[in-house]
Amino acid sequence: QTEDVDMAIQQLLDGRRIEFCAESRSGELAPIDCAGMWKQRLRWTIGWDETSLKHGGAFTDSGRLTCRARCGLVWTFLVRWFMTLLTVGAVWVGFPLTIFYPLKIPIWGKLITRLGQVCFFSGCGPWFFATLEAILQVKHRGRQSCIQVFFVFLVASPFGFASFFLFNLAQQAVSCYKISTGKVDGWEVTARGPAAGMGWADKREESGMILVEPDSSDGELADSSESDSETGSISG
């Protein structure tokens with residue numbers, strides 16, 4: 001379901017290094033409707049779960065992995081299940097309790113009260129910085145920037161996080177059910193929105209044609225085409 005994640009883990013287990021390339025960028029068209037988004041995200045969730053179950057035992061086996069790489073893989077692919085359960089308890093059990101029993105030292109004690117306050121303000125940090133980043137990117141996005149800033153402000157807020165977590169929790173539950181019962185469907189192509197939504201011409205590409213985004217082009221394709229033309233003229 002997610003061949004890219006599976007391939008990356010196999011490369012890491014084989015002792016290879018994967019480096020981040022800041023110059024490599026690719027656009028993506030959003031799913032055309034909510035049903036398409038649900039199927040896409042569910043496929044990703046199932047893929048991550050399948051990959052975690054498939055390779056989880058190798059994360060601690062002797063091999064070419066460094067200690068740091070092992071800890072990173074365990075945290076990314078295994079601890080996330082525990083964090084999901086912890087979030088259920090903290091957000092959907094602990095928070096409603098504070099409505100009836102306020103988070104005060106005489107009620108909860110000093111330790112729990114201080115931990116709750118730290119967790120709340122820590123969660124406000126990503127909210128603030130995500131909104132700030134959206135505001136700073138206004139000049140690059142044109143007229144739709146105001147909508148995007150509001151969307152980021154809403155989704156990154158504690159209430160937006162709690163709502164989005166419900167969506168992820170539902171997908172995690174469906175994923176566990178499908179994997180445990182052997183009812184995982186085949187890979188299904190996600191229905192996408194129109195290409196014009198990303199600024200591309202809404203027409204079929206010609207065979208062998210390479211589309212280049214002018215703002216992100218580093219000149220390598222142009223240099224390559226010039227080199228090919230020079231080679232052709234010399235050979236001719």
>> Count I, L, V, M, F, W, Y as connected when their side-chain heavy atoms are under 4.5 Å apart, and connections chain through other members. Are V118 and L111 then in the same cluster?
In response: no
> Hey, are Q117 and R114 close enough side-chain-wise for a donor-acceptor pair under 3.5 Å?
Replying inline: yes
> Atom CG of L132 and atom CG of L136: how far apart are they, to the nearest 0.5 Å?
Replying inline: 4.5 Å
>> Within a 6.0 Å radius of atom CZ on F167, are there more than 12 heavy atoms belonging to other residues, nucleotides or ligands?
In response: yes
>> If we ignore hydrogens and angles and just use 3.5 Å, is the side chain of T66 paired with the main-chain N or O of A69 as donor and acceptor?
In response: yes
> Among L12, V5, D6, which residue meets the side chain to side chain contact (heavy atoms under 4.5 Å, CB included) test with H55?
Replying inline: D6
>> Closer than 3.5 angstrom, by distance alone: can the side chain of W127 be matched with the main-chain N or O of F153 as a donor-acceptor pair?
In response: yes
> For P126 and S122, which heavy atoms make the closest approach, and how far apart are they?
Replying inline: CD-O, 2.9 Å
>> Applying side-chain contact (heavy atoms from CB on, under 4.5 Å) to S52 and W81, what does each step give before you reach the verdict?
In response: CA-CA 10 Å; S52 300; W81 288 322; 3.6 Å; yes
>> Between T76 and L73 (side chain of the first, backbone of the second, donor and acceptor by atom type, cut-off under 3.5 Å), is there such a pair?
In response: no
>> Does this structure show an ion pair linking R80 with D49, if we count only N-O contacts that are shorter than 4.0 Å?
In response: yes
>> Hydrophobic clustering (ILVMFWY, side-chain heavy atoms < 4.5 Å, transitive) - are V93 and L86 grouped together?
In response: no
>> Can you confirm whether more than 12 heavy atoms, excluding those of W75, are under 6.0 Å from its CH2 atom?
In response: no
> T113 side chain to W108 main-chain N or O, any donor-acceptor pair under 3.5 Å?
Replying inline: no
> Honestly curious: do I105 and I107 fall in one hydrophobic cluster under the side-chain, below-4.5 Å linking rule?
Replying inline: no
Do any side-chain atoms of residues 156-165 form donor-acceptor pairs under 3.5 angstrom with protein atoms, and if so which ones, sequence neighbours left out?
{"from": "S157", "atom 1": "OG", "to": "L154", "atom 2": "O", "distance (Å)": "2.7"}
{"from": "S157", "atom 1": "OG", "to": "G160", "atom 2": "N", "distance (Å)": "3.1"}
{"from": "S163", "atom 1": "OG", "to": "F159", "atom 2": "O", "distance (Å)": "3.0"}

>> Could you check whether any side-chain heavy atom of Q171 comes within less than 4.5 Å of a side-chain heavy atom of R43, counting everything from C-beta outward?
In response: no
>> Has Q11 got a side-chain atom pairing as donor or acceptor with I18's backbone, closer than 3.5 angstrom?
In response: no
>> Just verifying a value: how many Å separate I112 CD1 and C119 SG, rounded to the nearest 0.5 Å?
In response: 11.5 Å
> Between CD1 of I135 and CD of Q148, what distance do you get to the nearest 0.5 Å?
Replying inline: 12.5 Å
>> Checking N168 against Q172 for the side-chain hydrogen bond (donor to acceptor under 3.5 Å, both in side chains) test, could you report, in this order, the C-alpha distance in whole Å, the side-chain angles of both residues, the deciding distance, and whether it holds?
In response: CA-CA 6 Å; N168 288 335; Q172 190 68 69; over 6 Å; no
> Is atom NZ of K39 surrounded by more than 12 heavy atoms (other residues, nucleotides or ligands) closer than 6.0 Å?
Replying inline: no
> Are any non-hydrogen side-chain atoms of W92 and T87 less than 4.5 angstrom apart?
Replying inline: no
> Do L169 and L85 belong to the same hydrophobic cluster, where Ile, Leu, Val, Met, Phe, Trp and Tyr are linked whenever their side-chain heavy atoms lie under 4.5 Å apart, directly or via other members?
Replying inline: no
> Quick one: are L42 and K178 in side-chain contact, heavy atoms under 4.5 Å?
Replying inline: yes
> When you look at Y177 and T181, which way does the side-chain contact (heavy atoms from CB on, under 4.5 Å) test go after all the steps?
Replying inline: CA-CA 6 Å; Y177 170 76; T181 57; 3.8 Å; yes
> Out of curiosity, D14 CG to L65 CG, how far, rounded to the nearest 0.5 Å?
Replying inline: 9.5 Å
>> What's the separation between atom OG1 in T51 and atom CG in D4, rounded to the nearest 0.5 Å?
In response: 8.5 Å
>> Tell me whether M83 shares a hydrophobic cluster with L53, the cluster being built from Ile, Leu, Val, Met, Phe, Trp, Tyr side chains joined at under 4.5 Å.
In response: yes
>> Is the shortest side-chain heavy-atom distance between F151 and V155 below 4.5 Å?
In response: yes
> Does a side-chain heavy-atom distance below 4.5 Å link E50 with V184?
Replying inline: yes
> Would a distance-only check, ignoring hydrogens and angles, find a side-chain to backbone donor-acceptor pair under 3.5 Å from T45 to R41?
Replying inline: yes
